[in-house]
Amino acid sequence: MKKLSLCIITALSLVSLGILTACGVSAAPKEAGSAQLPNPFIPCASIEDANEILGFTAAVPSILPDGYETAAIAAVSSSEPAFVQIRYENGEKTITYRMGKGSGNISGDYNSYEFTKTLEAGKNTLTCSGAGELIYNAAWDADGYTYSLTATDGITENELQELVESIA
């Protein structure tokens, strides 16, 4: 008799749970609303728009490796330092360039690479990380600003030097 009562109670509980779920009532307590951080990147139609948001004139490269074109420009004014980000694309390949007031690495690239070395480009000393013959990340400070370049497929030392020397 106890087994029969236990089976009936279990069956009724499962049926009740099924009815409540079908009516949109959950048996589990709902979590409090989750909060998301706002996207700090403000899309810009031009570098002039980014300059206006940031309050300084961003220096941009005039020479890019073959096939790369400007894909997106954004300003980030809510971080310290505030910076401009320009994404250049060549098919699936991407180079991300950042410039901001201050000093320190603003690349956002926290990968480990085969090597890290310094490289001269014009009057700038770059800290570069890469693998094989390619550089994937470069960062440097100059004249009160900090700069970074991150290349998803890497670029050669010569391409990096030409690009950095063209920044004006």
Side-chain angles (χ1 to χ4, degrees), residues 29-168:
K30 291 189 176 193
E31 293 182 34
S34 62
Q36 292 183 340
L37 294 175
N39 182 356
F41 292 89
I42 303 165
C44 299
S46 67
I47 193 65
E48 291 78 17
D49 291 347
N51 291 342
E52 190 174 316
I53 292 168
L54 297 171
F56 64 86
T57 301
V60 298
S62 60
I63 297 175
L64 298 170
D66 288 339
Y68 282 89
E69 295 181 7
T70 303
I73 301 170
V76 178
S77 62
S78 61
S79 73
E80 196 54 48
F83 62 90
V84 64
Q85 174 177 286
I86 305 174
R87 194 175 72 246
Y88 303 100
E89 293 179 350
N90 177 359
E92 296 293 315
K93 298 176 185 179
T94 301
I95 295 174
T96 302
Y97 168 72
R98 291 180 173 180
M99 177 195 175
K101 280 188 173 182
S103 62
N105 187 337
I106 59 169
S107 70
D109 182 358
Y110 302 104
N111 293 310
S112 295
Y113 292 98
E114 185 180 298
F115 67 80
T116 297
K117 65 181 181 179
T118 58
L119 180 67
E120 298 298 319
K123 62 179 182 163
N124 300 302
T125 301
L126 288 59
T127 301
C128 303
S129 300
E133 299 292 317
L134 298 176
I135 295 173
Y136 291 87
N137 182 278
W140 69 101
D141 296 332
D143 303 320
Y145 292 92
T146 182
Y147 302 81
S148 73
L149 274 166
T150 306
T152 56
D153 287 56
I155 57 176
T156 67
E157 283 187 17
N158 287 339
E159 289 173 323
L160 176 63
Q161 287 171 317
E162 284 183 4
L163 191 152
V164 170
E165 290 171 4
S166 79
I167 293 173

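Note that the structure is predicted; figures quoted are calculated from it, not measured.
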- Member of Ile47, Asn51, Val60 meeting the side chain to side chain contact (heavy atoms under 4.5 Å, CB included) criterion with Val84: Ile47
If you compare all heavy atoms of [X] against all heavy atoms of [Y], which two are closest, and at what distance to 0.1 Å?
{"X": "Phe56", "Y": "Met99", "answer": "CZ-O, 3.9 Å"}
{"X": "Gly100", "Y": "Ile106", "answer": "N-CD1, 3.8 Å"}
{"X": "Arg98", "Y": "Ser107", "answer": "NH1-O, 3.4 Å"}
{"X": "Ala59", "Y": "Ile167", "answer": "CB-CG2, 3.5 Å"}
{"X": "Leu163", "Y": "Ser166", "answer": "O-OG, 2.8 Å"}
{"X": "Ser78", "Y": "Pro40", "answer": "OG-CB, 3.5 Å"}

Measure the spacing between [atom1] of [X] and [atom2] of [Y] and express it to the nearest 0.5 Å.
{"X": "Thr127", "Y": "Leu119", "atom1": "OG1", "atom2": "CG", "result": "10.0 Å"}
{"X": "Leu54", "Y": "Ile42", "atom1": "CG", "atom2": "CD1", "result": "7.5 Å"}
{"X": "Ile135", "Y": "Leu149", "atom1": "CD1", "atom2": "CG", "result": "10.0 Å"}
{"X": "Cys128", "Y": "Tyr136", "atom1": "SG", "atom2": "OH", "result": "13.5 Å"}
{"X": "Asp109", "Y": "Ser129", "atom1": "CG", "atom2": "OG", "result": "7.5 Å"}

- Query: Got more than 12 heavy atoms from elsewhere within 6.0 Å of CD, Glu114?
  - Reply: yes
- Query: Would the number of heavy atoms belonging to other residues, nucleotides or ligands and lying under 6.0 Å from CZ of Phe115 be above 12?
  - Reply: yes
- Message: Among Asn137, Asn111, Thr94, Thr96, which residue satisfies the side-chain hydrogen bond (donor to acceptor under 3.5 Å, both in side chains) criterion with Thr150?
- Response: Asn137
- Hey, are Thr146 and Ser103 close enough side-chain-wise for a donor-acceptor pair under 3.5 Å? no
- Message: In terms of relative ring orientation, are Trp140 and Tyr147 parallel, tilted or perpendicular, with 30° and 60° separating the classes?
- Response: parallel
- Item | salt bridge (Lys or Arg N to Asp or Glu O under 4.0 Å) contacts touching residues 143-156 (sequence neighbours left out) | Lys123-Asp143
- residues 81-92 vs salt bridge (Lys or Arg N to Asp or Glu O under 4.0 Å), sequence neighbours excluded, gives Arg87-Glu89
Any heavy-atom pair between the side chains of [Y] and [X] that's under 4.5 Å?
{"X": "Asn124", "Y": "Val164", "answer": "yes"}
{"X": "Tyr88", "Y": "Pro61", "answer": "yes"}
{"X": "Leu160", "Y": "Leu126", "answer": "yes"}

- Task: Assess whether side chain to side chain donor-acceptor pair (under 3.5 Å) is satisfied between Asn158 and Thr156, documenting all intermediate values.
- Result: CA-CA 5 Å; Asn158 287 339; Thr156 67; 5.4 Å; no
Given 3.5 Å as the limit, does a donor-acceptor pair link the side chain of [X] with the main chain of [Y], or not?
{"X": "Asn90", "Y": "Asp66", "answer": "yes"}
{"X": "Gln161", "Y": "Glu120", "answer": "yes"}
{"X": "Gln85", "Y": "Ala74", "answer": "no"}

